[in-house]
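Per chain, numbering begins at 1; letters A, B, ... match sequence-line order.
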2 protein chains.
Amino acid sequence: MAKKYERIADALRQSIRAGQLKPGDRLPAETALAEQYKTSVPTMRDALGELLAEGLIDKRHGVGNFVREPRPRVERSNQRHQWEKNRARLLESERLKTGSTEHDTGLTVSDLAFKATYREVKADEDLAAVFSVPVGTRLLEREYRTFPREGDAPFSLVCSHLLYSAVSSNPDLLDASNEPWPGGTQNQLLTVGIELDRIVERITARPPTAEEAEELGLQKGVSVFVLRKISIDTGDRVVEVSDVIMPGDVTELVFTTPLDRW
Amino acid sequence: MAKKYERIADALRQSIRAGQLKPGDRLPAETALAEQYKTSVPTMRDALGELLAEGLIDKRHGVGNFVREPRPRVERSNQRHQWEKNRARLLESERLKTGSTEHDTGLTVSDLAFKATYREVKADEDLAAVFSVPVGTRLLEREYRTFPREGDAPFSLVCSHLLYSAVSSNPDLLDASNEPWPGGTQNQLLTVGIELDRIVERITARPPTAEEAEELGLQKGVSVFVLRKISIDTGDRVVEVSDVIMPGDVTELVFTTPLDRW
DNA sequence: GAGTGGTCTAGACCACTGT
DNA sequence: CAGTGGTCTAGACCACTCC
């Protein structure tokens, strides 16, 4: 026999899909639901936990459980990289018009809030291995947050590392107040004579840390994508390592692989 | 103040990383752990649930909780597509030697068990939209499972769809007993005159269905990758749509994007 | 202050595993 | 059969939100 909380979760899913419960609707209180389904509150909470992990409902402490508005998925395509490379050499007036997040989401610049912080750090074992440099090498660490609107949760948490020695010849690159930089990282690299040859992305999924869940506004049970983007220049040198955390429930990654012709 | 179950989970994580609990070790019974950490069994189970979702422990019903052996990650690179395309035109004797799963895992053919089932189906709305054909169009549905060893859980669940009309000219392609087909899908397509131009992959993450969790042997809280691979031929026609479910805790997806030179 | 979800307790009973 | 984890109950008390 199926587990009780699964049967209840199924019944609720059914109600949502059939439209008896519409996006934005508040569900009855958990005590009321428990009574309705002839079960205890903890079992009811197990059932709601399934819907929560699937992103079908939002729990709001002290307020109630709500059917979630079908949030538009944020699409992140690897074609953004070539797009960014092309854009990096445009005139500044062109580069100012739009950034990568707009490219992904279709939103316009004015809808977005942006935050960047820079820091100088030393390479730990992990980063040293990827950059092929000694542990302790100076790196420029840059954290980015892009918000759909002020007050909302960010789309992603980005932590980028650059080889300090590679970028310090242009002091503007060391100052976070120049962000958002028109033309993005590839334009920044262009100012110190670096051209990218290829980008390697490694993707895993795992439960968020408590801090990540907090910052991204994730419900319990939702996993995150961890994407490590490694930028390699025309001299086969790793010049940037960027770690991106994205909510698994609303993100779609798209990769196009062209094949050589026969 | 931090939640009790989080503090306990942290303490256990610590013990595992410090090596006081080694891979393969059995943890004390949950009742014993609850007593040790001065808490109730349900709270203890919440703490263990965190480690479970992170893949640090295995729960085995009726047996106990075990520190997990650090399972090797299965890497799936998009370079496999070009590799497969090159392999598709080799002599059969060459093609027999190795398949894509071996390419991903580094295992040899003899370590692997393989299962394929074919079925004829009609396109639902979803598939019809991707193929750009009317709903109800005949499709060949193929399910694949590859196991590390007989009896173990498969690496992934693969469900592939081909346009029936595109492949039926070669009856060998309709018979599952010809699997594993030396040279893979791209060689199969070659026999009916189809060459692939590019592959588009769309990736999301979500909790597994009950069936997926069962078949992949997933612990509670572990998410799966859902990868939809769309193969497009040199005439810009979608010829294959393949849905792949992979465990999020042991899979690493790798994508390399080459950039045009300035 | 009323009502909501969040955490935690204590314990019953069932299902599974290995001996 | 003994011991383990799995499910479920009943209810206390806290934290948060909104009126």
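- Counting to the nearest Å, the P atom of dC8(D) and the OH atom of Y37(A) are 15 Å from each other.
- The phosphate of dT4(D) has neither OP1 nor OP2 within less than 4.0 Å of any side-chain N or O from N65(B).
- In this entry the distance linking CZ of R26(B) with P of dG3(D) reads 11 Å, nearest Å.
- Note: CD (E35(A)) to P (dG3(C)) measures 15 Å, nearest angstrom.
- Residue K220(B) places none of its side-chain N or O atoms closer than 4.0 Å to OP1 or OP2 of dG5(D).
- Protein atom CG of D58(A) is 14 Å distant from nucleotide atom P of dT17(D), rounded to whole Å.
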Collect all protein-nucleotide pairs involving nucleotides 9-17 of chain C in which both atoms are nitrogen or oxygen and the distance is under 3.5 Å.
| from | atom 1 | to | atom 2 | distance (Å) |
| --- | --- | --- | --- | --- |
| dT9(C) | OP1 | K4(B) | NZ | 2.7 |
| dT9(C) | OP1 | T39(B) | OG1 | 3.4 |
| dT9(C) | OP2 | T39(B) | OG1 | 2.4 |
| dT9(C) | OP2 | S40(B) | N | 3.0 |
| dT9(C) | OP2 | S40(B) | OG | 3.0 |
| dT9(C) | OP2 | T43(B) | OG1 | 2.8 |
| dA15(C) | N3 | H61(B) | NE2 | 3.1 |

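- For the residue pair Y118(A) and E179(A), a side-chain donor N or O sits within less than 3.5 Å of a side-chain acceptor on the partner.
- Of the N and O atoms on the side chains of R142(A) and Y144(A), at least one donor lies less than 3.5 Å from an acceptor on the other residue.
- Remark: P of dG5(C) and CG of D46(A) are 15 Å apart, rounded to the nearest angstrom.
- Close to dG6(D), at under 4.0 Å from its OP1 or OP2, lies a side-chain N or O of K59(B).
- In this structure, the side chain of S15(A) engages the main chain of A11(A) through a donor-acceptor pair within 3.5 Å.
- Comparing dT4(D), dG5(C), dC8(C) by their closest approach to the side chain of K3(B) singles out dC8(C).
- Between the side chains of S160(A) and E141(A), no donor N or O sits under 3.5 Å from an acceptor N or O.
- Atom OH in Y5(A) sits roughly 7 Å away from atom P in dC8(D) (whole-Å rounding).
- A cation-pi arrangement is not found for R145(A) relative to F114(A), the charged atom failing to lie both closer than 6.0 Å to the ring centre and inside a 45° cone about the ring normal.
- The closest donor-acceptor contact from the side chain of D124(B) to the backbone of L127(B) lies under 3.5 Å.
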